[in-house]
Structure formats: C-alpha cells, structure tokens
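Since the structure comes first, as structure tokens, the remarks are kept for the end.
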There are 2 protein chains.
Amino acid sequence: MTNRPYHHGDLPAALLARAEKTLRERGVSALSLRELAREIGVSPAAPSRHFKSKQALLDALALTGLERLAEAIAASQEGVGEAFADRLDAAARAYVGFAVANAALLDLMFSVKHSPQASEALGATAHQWSDQLLELIGDGQRRGEVRVGPLERIALPVFAALHGYAALAVSGVLPPEAAEHGLDDLIASVLRGCAPQ
Amino acid sequence: MTNRPYHHGDLPAALLARAEKTLRERGVSALSLRELAREIGVSPAAPSRHFKSKQALLDALALTGLERLAEAIAASQEGVGEAFADRLDAAARAYVGFAVANAALLDLMFSVKHSPQASEALGATAHQWSDQLLELIGDGQRRGEVRVGPLERIALPVFAALHGYAALAVSGVLPPEAAEHGLDDLIASVLRGCAPQ
DNA sequence: CTACATTGTGATCGGTGTATACATTGAGGT
DNA sequence: ACCTCAATGTATACACCGATCACAATGTAG
C-alpha cells in the first residue's frame, strides 16, 4: 500500500522537526506523540523507540533550543566592535530576538520539569552559552569598561535583566512593538548597572 | 450513604484550594480535574459547573496568584523607610520571595496560554500591582533618587530584572542558597541602573 | 547465510477533558 | 405554604492520550 519503507530512515529527526513545528504553531499543550506519529505516517508506538517518554522528547527539544541559542549568541558577536557596550548590545538583541521567535521553545528550555539526568545534559549546554556571557563581561572588565569584582556576581544581574525582558516579551506582557524600543532602555540600564566606579 | 449533602456548599473555593495544593506539591502537569473531583468527593463532571474548562480553572488560579502577589508587594512597603533604595529592596524581596514560594503558580501567571477574555481580567489585576512599582519609582523620582524621564521607560528595566531573577530562581538555574546572596547584587545593580545623572 | 539487534506494528490498559441528559436541591414569587 | 425554576451535582458516554507488551519486518555482523 504505502510506498514508505518499513523503516522510516530517520524517525528521531522527523519527530523533533515536526514537534518543533507544532510547538511553534500551537504551543506545548497541543503537542501529542500520537498526533506526531500520525502526521509522520508511523504507528502510535513508534516514537517510543527513540524517546522513552513524552518528557524525553521535550527534553531533547529543549536541548536543541539551547544549542541554537548558543549559536545565535555566538553569531551575534561576529563583525561587531570590541567595545563592551556594542558587544552586550548585540548579544542582548540576539537573545531577545531568539526568545520572541521561539517563545514556546524558550518556555520549555527554562521549564522546571526536567528529569535529573536530562537537567545534567541541559545544564552542560546551558553553560556552553552562559559562558559566552561571562567571557563577554570578563573582556569588558579587562578593558576597564565594566566594574571590577567577582565575575558571576556581576554577570547575574545582567543575565537576570536579559532573561526577564525576554520572558516579558514572550508572555505578551509588553506589546510586541514596544519590545524593540524598550530593549534600548534595558541595555542602557544594564550598562549603567555594571559600569565602573 | 455519604453524610455530605448533595450540594457541596462552596465547590469553586474547594476546587481552587485543592488545585493550588497539588500545583504546589506536584506541579501543573499533575493537575487533573477528575482527580480534583475525586479528592473533594464529587462527581467528575461537577467542576465543569464552575469552570467551563481546565484552562478556565488555571486562569482563575493565576488570577488569585496575581492578587496575592499584589498584596505581598503592598505589605512589603509597610513600616519601611521612605528612601527609594529601601522601598525597592523591600519590594524586590517580596517579589522574589513570593516567586520561590509559589514557583509553579508563578509559571502559570506569566504563561502564554490565556484565553483572550481571561487575559483581559489578568491584565487588569496585573496592572493593579505593576502600578505599585510605577508609583514606587515615581516617588523615587520626586525625591531625586531616580533619574528623570518617562516613568514606564525607567520602570521596564527594573521590572525585567526582578522578573528575570525570579524566573531564574524558580527554574532552579541558580542554586537556592545563592538566591538570597545574589539578590543583593541584583538590587544594587538595578539601583545603579536608575540612579540620577 | 544465519543469528541477532534495531525499528516499526497492533492491541490494550488506565487515565483524562468535555459534552449531554438526568436528578436533586434551594430560593423567590404568588 | 406552595410551586416554579434556576443552580448545582450525577451518570454516562465519547474521543483522545501516554505507556506497555508481544510480535513482525528489516538491516547487519559474523
């Protein structure tokens, strides 16, 4: 009947791709393993071969999201000046941009419900990109454009402000067109917050 | 058989109370209308008389959460000095304290999935407490302890920092004991961000 | 070519949200 | 006091979901 071979070829990738699509279009609550299998044209039990539970799929999705976020932040630093303000500006826009473009995914990434060993992998990937921010701030310190002090203690407020702003934008609390304008104010405020003296 | 009368008396309140209990203990994903009804000792369809859908119950839950948050912020201002730094400090601790004490509920409050008319009521209640922050900052401006400028544009970075810090604490990204220590740094940073000059 | 691990199938189980028709109750108007 | 009638709770049913199991088809290594 079907011309599809018995084996799909790369079912895990197909599942992740389709899952992210419906995640983006209809939110996490509309994500169903059975529906995914249906759309891909595979039996309802097939996904369980690759993701032992629905939560495992969500964890994998969050992981890819973290990886892409890290890439986006890294890419934002290409071709930008060395001044701390410029680099922070670029990173902030990349972060918030990713957040509004992947709202539901961001929720997933910072969700509380990861299994213990999943959070381990997630934590590792999270470090992979939070380290970028730490390095950015460390550079700023060496250039004398950021106040001296323990790196983490200076970075935490910066990270909180970015994350909070992204969360507000994502949850629709601030109107989407105000997001861009408000970001200028946020960055300026953060810069004042970690300026020397 | 049962000594419980046919009518419960105040089923909506019982549902909300029980829902918040399991929300706190086992998270939003473990919240089931049928289980709630079972625990209260009522038929599976009974909740639908008071909450037309599960989402409606969640919205109501989020609403009570916002109200309590507003109360907590207001209470934090009692018996605190008039200096802007002191008042912001108190409000920030109240906010973050509420967040870590009601993690799952906070997720619900700022979730993206509210029905259009529900977001209306939620937005109204949200204003009820964000106005407190605006007033706090406005007072600071009048006292010359906060930079001049449009109120919302100064408040947004403050709000973003608080919200982001609460979100980080809630999602377990920063270790719970570091939450208190880090809060000092956050408040100091925010104060520098909106200081005059 | 043959064992064997991998991957997909089909059926089944308990659980869930929602809708509908029906039963019980209490409150307001006469 | 009675009688309506809206409000509230019940019983049942439906479709869907996640998870698990035995089994079938397929690729692969020896």
Side-chain angles (χ1 to χ4, degrees), chain A residues 1-23 25-62 104 108 111 113-118, chain B residues 1-23 25-62 104 108 111 113-118:
Chain A
M1 285 305 175
T2 85
N3 52 1
R4 181 180 57 79
Y6 188 88
H7 286 91
H8 175 278
D10 197 351
L11 187 51
L15 283 168
L16 284 176
R18 196 87 196 190
E20 191 190 327
K21 172 176 164 141
T22 76
L23 180 67
E25 293 173 354
R26 292 154 49 208
V28 62
S29 68
L31 207 53
S32 144
L33 289 180
R34 292 181 102 107
E35 185 178 86
L36 248 53
R38 224 177 296 133
E39 290 169 341
I40 296 181
V42 90
S43 88
S48 75
R49 291 292 171 194
H50 308 278
F51 302 99
K52 109 177 191 304
S53 74
K54 182 180 183 176
Q55 187 59 50
L57 195 165
L58 295 182
D59 290 345
L61 225 40
L108 224 56
S111 160
K113 14 200 26 160
H114 302 300
S115 71
Q117 93 257 13
Chain B
M1 288 305 172
T2 85
N3 51 1
R4 182 181 56 78
Y6 188 87
H7 286 91
H8 175 279
D10 197 351
L11 186 52
L15 283 169
L16 285 176
R18 195 86 197 192
E20 191 190 328
K21 172 176 164 141
T22 77
L23 179 67
E25 293 173 354
R26 292 154 51 206
V28 60
S29 68
L31 206 52
S32 145
L33 288 179
R34 293 182 100 106
E35 185 179 89
L36 248 52
R38 223 177 297 134
E39 291 169 342
I40 296 182
V42 91
S43 87
S48 75
R49 292 292 171 190
H50 307 278
F51 302 99
K52 108 177 192 303
S53 74
K54 182 179 184 176
Q55 186 58 50
L57 195 165
L58 295 181
D59 289 346
L61 226 40
L108 224 55
S111 158
K113 19 198 25 164
H114 301 300
S115 71
Q117 92 257 14

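Proteins get letters first, then strands, A, B, ... in listed order; numbering begins at 1 in each.
- Whole-Å rounding puts the B:Asp10 CG to C:dG26 P distance at 15 Å.
- By the side chain to side chain contact (heavy atoms under 4.5 Å, CB included) test, B:Ala56 pairs with B:Phe51, B:Ser53, sequence neighbours left out.
- Of all non-hydrogen atoms in B:Val28 and B:Leu108, the two that sit nearest each other are CG2-CD1, 3.9 Å.
- Near DNA chain D, meaning a heavy atom under 4.0 Å from it, residues 31-38 of chain A has A:Leu31, A:Ser32, A:Leu33, A:Arg34, A:Arg38 in order of number.
- Nearest nucleotide to the B:Ala45 side chain, out of D:dT10, C:dG8, D:dA19: D:dT10.
- End-to-end axis angle for the helix from C:dC1-D:dG30 to C:dT30-D:dA1, using five pairs per end and rounding to 10°, comes out at 10°.
- The side chain to side chain contact (heavy atoms under 4.5 Å, CB included) check on A:Arg34 picks up A:Ser32, A:Arg38, A:Pro44, with sequence neighbours excluded.
- Heavy-atom nearest nucleotides on DNA chain D were determined for A:Lys52 and for B:Arg49, and the one closer to the 5' end corresponds to B:Arg49.
- For B:Lys54, the side-chain atoms get nearest to C:dG17 when compared with the rest of C:dG8, C:dG17, D:dT20.
- Considering only the side chain of A:Val42, C:dT9 comes nearest among C:dT9, C:dA19, C:dG17.
- Nearest heavy atom pair, residue B:Leu61 against residue B:Ala19, reads CD2-CB, 3.9 Å.
- Distances shown here put every side-chain N or O of A:His50 at or beyond 4.0 Å from the OP1 or OP2 atom of C:dT6.
- The structure places NZ of A:Lys21 at 13.0 Å from CG of A:Leu31, a figure rounded to the nearest 0.5 Å.
- Under the rule for a salt bridge (Lys or Arg N to Asp or Glu O under 4.0 Å), the partners of A:Arg26 that lie at least two apart in sequence or sit in another chain are A:Glu35.
- We find the OG1-CG distance between B:Thr22 and B:Leu36 to be 5.5 Å, quoted to the nearest 0.5 Å.
- Remark: A:Ala104 engages A:Leu23 in a side chain to side chain contact (heavy atoms under 4.5 Å, CB included) (not counting sequence neighbours).
- When rounded to the nearest whole Å, the span between CD of A:Glu39 and P of D:dC16 equals 14 Å.
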